[in-house]
Number of protein chains: 2
Amino acid sequence: MAKSALVQLDAETKVLEAPHDHKDELRLWLRLMTCNNLIEAEIRSRLRERFATTLPRFDLLAQLARAPDGMLLGELSQRMMVSAGNITGLVDRLVDSGQLHRVPLPTDRRAQVVKLTPAGRREFRKMAQEHEKWIATFFEGLSPDEIEVLLAGLSKLKLSVRAVVADRRPLTARGYPRPRGQTSVVR
Amino acid sequence: MAKSALVQLDAETKVLEAPHDHKDELRLWLRLMTCNNLIEAEIRSRLRERFATTLPRFDLLAQLARAPDGMLLGELSQRMMVSAGNITGLVDRLVDSGQLHRVPLPTDRRAQVVKLTPAGRREFRKMAQEHEKWIATFFEGLSPDEIEVLLAGLSKLKLSVRAVVADRRPLTARGYPRPRGQTSVVR
DNA sequence: AATTTTTAATTGATACATAAAATATCTAAA
DNA sequence: TTTAGATATTTTATGTATCAATTAAAAATT
């Protein structure tokens, strides 16, 4: 057997049978997770120390801050990528602490809209301002170019993951793929 | 005033007084988080469906799989970046389900080592093999080059974040910066 | 040797997260 | 108009997470 043929065969074998060991992908996933966890842990810690609040509470307020007319619990569930049952409890606690209030919908007695109270809006604005500065410092070791590159790469990754997930879990007629429990992976 | 001068002034003003609004950093953080959450949610879902287990359990087994002589609960806590109290419960459940066993340390009666049982090791090997394939598919939309670029960028980000965090929370004499509760941010 | 400090792990209270089941309501078709 | 199904939320059960407090043992001081 000629060498070129052998090489050819090897190349094909490689692609077909041992497509590579996926070690880089695994490393990339671990690194992504580490970065995420590092930043998230620090944000949680600062939210706690500075504002005596938590990340899920902050995230929920952030969603509502962009929705002057309020949001349905179901919308919150989708946007935040958490289950509906979780939202119920979170909203309960935020109502207790005076940052939110529930508004019944006259058109649909199953549903209800949640809105920020004036206090809630005021408090969120303060937190968001500091939060944005924190984020900036976390990235201060990267140049604007490097940030661009990461943005682009993660954008592509997002599409890649979504394609794989959607493939396994096809959309329903109305566009919500959830198997149960209402959690959507939209963002 | 000539137009060119005006443009020039604007550019300088931008650089000098409004160093930038940090919006790109914020977008990058959101995107990073989204990618992380998408992948993580899918892994959780598959671990549940295929192996009736959870991500924290899988992670703990993964740590132990690399430590043939077992690990202290405290080490697990640091490596996994979770609190000591959390590890206690997680280990309890894994012992109940027969994947782990606790081994008292003759040299230190406060501490104990946890090890995989043969069954635990066997089960983990199976899961890890599939897990690695899942990860590979999530990244299949990226070329090897793009993966390299992301790997490098996230590496730099990790350093950047660590620098900021360490700065705010300087190491103690013995090397553990934790304020309380034992959680370390080592990885 | 007695005391203090540090360390390792556990416990208890609370918050968040899921999936699954229950409840209530709305919509559309028989 | 009843009824079948879809939808919105809540409830329930369980697992995972934190922090703060506690126990027990070890190490360091005095």
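Within every chain, numbering begins at 1; the chains are lettered A, B, ... in the order of the sequence lines, protein sequences first and strands thereafter. For clarity, every value in this text was computed on a predicted model and none was experimentally measured.
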Nearest-angstrom distance from the residue atom CG of L73(B) to C1' of dT11(C): 14 Å
Starting at atom CE of M71(A), determine the distance to atom C1' of dT9(D), rounded to an integer number of angstrom. 15 Å
Once rounded to the nearest 0.5 Å, what's the spacing between atom CG of L142(B) and atom CD of E148(B)? 11.5 Å
Interatomic distance where CD1 belongs to I87(A) and C1' belongs to dT11(D) [whole Å]: 16 Å
Spatial distance of atom CD (E40(B)) from atom CE (M81(A)) [nearest 0.5 Å]: 10.0 Å
Between E75(B) and R79(B), is there a side-chain N and carboxylate O pair less than 4.0 Å apart? no
Under 3.5 Å side-chain donor-acceptor pair for T117(B) and R122(B): no
Are any protein N/O atoms closer than 3.5 Å to N/O atoms in nucleotides 13-17 of chain C? If there are, list each pair with its distance.
| unit_1 | atom_1 | unit_2 | atom_2 | d |
| --- | --- | --- | --- | --- |
| dC16(C) | OP1 | T54(A) | OG1 | 2.4 |
| dC16(C) | OP2 | R93(A) | NE | 2.5 |
| dC16(C) | OP2 | R93(A) | NH2 | 3.1 |
| dA17(C) | OP2 | N86(A) | ND2 | 3.0 |
| dA17(C) | O5' | N86(A) | ND2 | 3.1 |

I need the residues from residues 103-116 of chain A with at least one non-hydrogen atom less than 4.0 Å from DNA chain C; give them sorted by number, or say none. D108(A), R109(A), R110(A)
NZ/NE/NH1/NH2 to OD/OE distance under 4.0 Å, K23(A) and E132(B): yes
D92(B) atom CG is separated from dT11(C) atom P, nearest whole Å, by 7 Å
D24(B) with R27(B): basic N within carboxylate O range, under 4.0 Å: yes
Can we say E130(B) and K126(B) salt-bridge, meaning some charged N sits less than 4.0 Å from an Asp/Glu carboxylate O? no
Between L94(B) (CG) and dG15(D) (P), how many Å, whole number? 11 Å
Would a 4.5 Å heavy-atom cut-off, applied to side chains only, mark F138(B) and L38(B) as touching? no
Find the distance L72(A):CG to dA24(C):P and express it as a whole number of Å. 20 Å
Residue closer to the 5' end of DNA chain D, T88(A) versus R48(A) (nearest nucleotide): T88(A)
Measure from CG on L76(B) to P on dA17(D) and round the result to the nearest Å. 13 Å
F51(A) ring center within less than 6.0 Å of F58(A) ring center: no
